[in-house]
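Here the structure is laid out as structure tokens; the discussion comes afterwards.
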Amino acid sequence: MSLTGRKITVGLTGGIACYKIPYLIRSLIHEGCEVRVVMTEAATKFITPLTLETVSRNLVATDLFPDQEFVATRHIDMAGWPDLVLIAPATANFIGKIASGISDDLLTTVVCASPRPIMIVPAMNTQMWANPITQQNAGRLRELGYLFVGPEEGEMAEPGHVGTGRMSEPDQMLVAIKTFLKKSKKKALTGKKVLVTAGPTREAIDPVRYVSNHSSGNMGYAIAEAAVTAGAEITLISGPTALKPPAGVRFVTIESTAELAKAVKREFRKTDCLIMA
């Protein structure tokens with residue numbers, strides 16, 4: 001399968017496995033991809049931005065607020081650009097931060113804002129990967145729809161350490177990327193932005209009482225989930241329900257009809273399709 005025309009953002013965090021990423025980027029370029037790179041400050045301690053600029057043929061982004069650059073919506077533009085965001089190597093610290101919704105540098109902010117699929121390639125010492133907190137964080141991300149490649153079993157950077165935690169090799173990552181993009185290529189709504197409303201509204205009579213209706217939200221949530229499965233970028237605007245938002249949707253809560261109208265008007269400008277359920 002050719003990757004011609006595909007756009008991939010590669011994010012590097014602070015681990016010794018950074019040295020393997022130029023080989024992956026070179027392979028992606030040979031397959032016809034356009035690659036852009038985002039690095040954390042820690043990643044620059046292991047490999048230079050210049051090296052990655054050379055192999056990717058694009059400037060490397062490292063700072064959330066770079067000097068002498070326009071940055072007002074930079075992270076949003078970067079988040080929406082690719083077909084896939086690949087984080088390799090992904091440290092325990094980075095996995096923990098995005099599992100907790102922390103956005104304190106450019107890469108975590110791009111991931112938080114991205115409507116695109118996120119592929120995580122962990123790399124860390126065996127004990128760090130086996131740590132129950134790391135496993136809990138990785139499990140939470142999997143539940144939310146994040147894709148994982150590896151880690152593999154093998155020798156660690158530390159002498160004499162062998163176990164699970166080693167980053168997958170560049171050729172393994174390339175296969176995972178091609179397999180995923182081949183599947184996603186078949187989705188009918190890939191690249192489309194769909195806005196869905198669901199659930200009841202509540203109109204306050206006084207601080208205690210309100211007027212509402214019996215809408216469960218089931219129809220709207222089911223439509224949103226089906227649209228995600230078909231490859232769409234979904235914004236779900238919902239009144240008060242007991243339902244859990246489908247994985248992969250951007251979720252906006254409202255209560256009154258006035259709040260609903262305001263949210264729909266705000267989001268409608270950025271959408272291809274509006275479904276009011």
Side-chain angles (χ1 to χ4, degrees), residues 2-91 93-95 97-98 101-123 146-147 149 167-174 176-178 180-181 184 190-191 193 233 270:
S2 171
L3 297 179
T4 300
R6 293 294 190 146
K7 298 179 290 186
I8 297 180
T9 292
V10 177
L12 290 82
T13 68
I16 187 61
C18 283
Y19 81 90
K20 297 181 180 181
I21 300 306
Y23 298 100
L24 171 66
I25 293 174
R26 186 171 64 177
S27 295
L28 290 170
I29 297 291
H30 286 168
E31 293 284 346
C33 287
E34 183 178 356
V35 179
R36 296 183 183 176
V37 177
V38 183
M39 301 177 70
T40 65
E41 181 180 0
T44 65
K45 307 296 184 182
F46 293 91
I47 191 170
T48 67
L50 178 60
T51 298
L52 296 166
E53 287 178 350
T54 302
V55 294
S56 70
R57 305 170 190 171
N58 277 310
L59 291 174
V60 170
T62 57
D63 298 322
L64 186 56
F65 302 110
D67 294 335
Q68 300 177 337
E69 287 187 38
F70 177 75
V71 296
T73 59
R74 183 188 194 209
H75 59 292
I76 302 300
D77 295 338
M78 295 175 70
W81 175 80
D83 298 303
L84 175 70
V85 178
L86 175 80
I87 310 298
T91 62
N93 179 61
F94 183 83
I95 291 171
K97 286 203 292 187
I98 59 174
I102 295 173
S103 305
D104 60 355
D105 60 16
L106 180 59
L107 186 54
T108 51
T109 303
V110 168
V111 169
C112 183
S114 181
R116 309 305 187 199
I118 312 290
M119 186 174 286
I120 306 292
V121 189
Y146 286 70
L147 309 165
V149 179
M167 187 178 76
S168 299
E169 295 298 322
D171 58 343
Q172 294 173 297
M173 287 185 261
L174 181 63
I177 291 168
K178 294 177 77 170
F180 173 75
L181 291 178
S184 65
T190 297
K193 298 181 179 180
E233 298 172 33
K270 301 175 287 185

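- Here the closest heavy-atom approach between residue Leu50 and residue Thr54 is recorded as O-OG1, 2.8 Å.
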Practice task
Apply salt bridge (charged side-chain N to carboxylate O under 4.0 Å, His left out) to the pair Lys178 and Glu31, showing each step before the final yes or no.
Solution key: CA-CA 10 Å; Lys178 294 177 77 170; Glu31 293 284 346; 3.4 Å; yes
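- Of all non-hydrogen atoms in Leu107 and Ile87, the two that sit nearest each other are CD1-CD1, 3.9 Å.
- Heavy atoms only, all atoms of each residue included: Leu147 and Pro117 are closest at CD1-CB, 4.4 Å.
- Between Glu34 and Ile8, every side-chain heavy-atom pair lies at or beyond the 4.5 Å cut-off.
- Contact check for Val111 versus Phe94: side-chain heavy atoms found under the 4.5 Å cut-off.
- Partners of Ser168 according to the side chain to side chain donor-acceptor pair (under 3.5 Å) rule, which considers only residues two or more places apart in sequence or in another chain, are Glu152.
- Residues passing the salt bridge (Lys or Arg N to Asp or Glu O under 4.0 Å) test with Asp105, sequence neighbours excluded: Lys97.
- The side-chain heavy atoms of Met39 and Pro49, taken from C-beta on, include a pair separated by under 4.5 Å.
- Taking the side chain as every heavy atom from C-beta outward, Val55 and Ile29 never approach each other to under 4.5 Å.
- Residue pairs meeting the side chain to side chain donor-acceptor pair (under 3.5 Å) criterion with at least one member in residues 38-53, sequence neighbours excluded: Thr48-Thr51.
- Note that SG of Cys33 is 11.5 Å distant from NZ of Lys7, once rounded to the nearest 0.5 Å.
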Practice task
In sequence, state the C-alpha distance, the side-chain angles, and the governing distance for Leu106 and Thr62, and then conclude on side-chain contact (heavy atoms from CB on, under 4.5 Å).
Solution key: CA-CA 7 Å; Leu106 180 59; Thr62 57; over 6 Å; no
Taking only distance into account, with no hydrogens and no angle test, what donor-acceptor pairs under 3.5 Å do side-chain atoms of residues 13-20 form with protein atoms, sequence neighbours excluded?
unit_1	atom_1	unit_2	atom_2	d
Thr13	OG1	Pro89	O	2.5
Thr13	OG1	Thr91	N	3.1
Lys20	NZ	Glu169	OE2	2.7

Problem - Residue pair Val85, Met119: steps toward the side-chain contact (heavy atoms from CB on, under 4.5 Å) verdict - result: CA-CA 6 Å; Val85 178; Met119 186 174 286; over 6 Å; no
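- The two residues Asn58 and Val35 have their closest heavy-atom pair at ND2-O, 2.9 Å.
- Annotation: the span from Cys112 atom SG to Ile118 atom CD1 amounts to 10.0 Å, rounded to 0.5 Å.
- Contact record, Met173 with Ile21: CE-CD1, 4.3 Å, taken as the closest heavy-atom pair.
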Exercise for the section: Show your reasoning for whether side-chain contact (heavy atoms from CB on, under 4.5 Å) applies to Phe180 and Leu86. Expected result: CA-CA 12 Å; Phe180 173 75; Leu86 175 80; over 6 Å; no
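- Identified under the salt bridge (Lys or Arg N to Asp or Glu O under 4.0 Å) test for residues 78-87, with sequence neighbours left out: none.
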Practice task
Under the side-chain contact (heavy atoms from CB on, under 4.5 Å) rule, what do Val38 and Val10 come out as? Steps first, then yes or no, please.
Solution key: CA-CA 6 Å; Val38 183; Val10 177; over 6 Å; no
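- Among all heavy-atom pairs drawn from Pro22 and Leu52, the shortest one is CG-CD2, 4.0 Å.
- Atom OH of Tyr23 has 12 or fewer heavy atoms from other residues, nucleotides or ligands within 6.0 Å.
- Between Ile98 and Ile120 there is a side-chain heavy-atom pair separated by less than 4.5 Å.
- Residue pairs that meet the salt bridge (Lys or Arg N to Asp or Glu O under 4.0 Å) test with at least one member in residues 106-121, sequence neighbours left out, are Arg116-Glu233.
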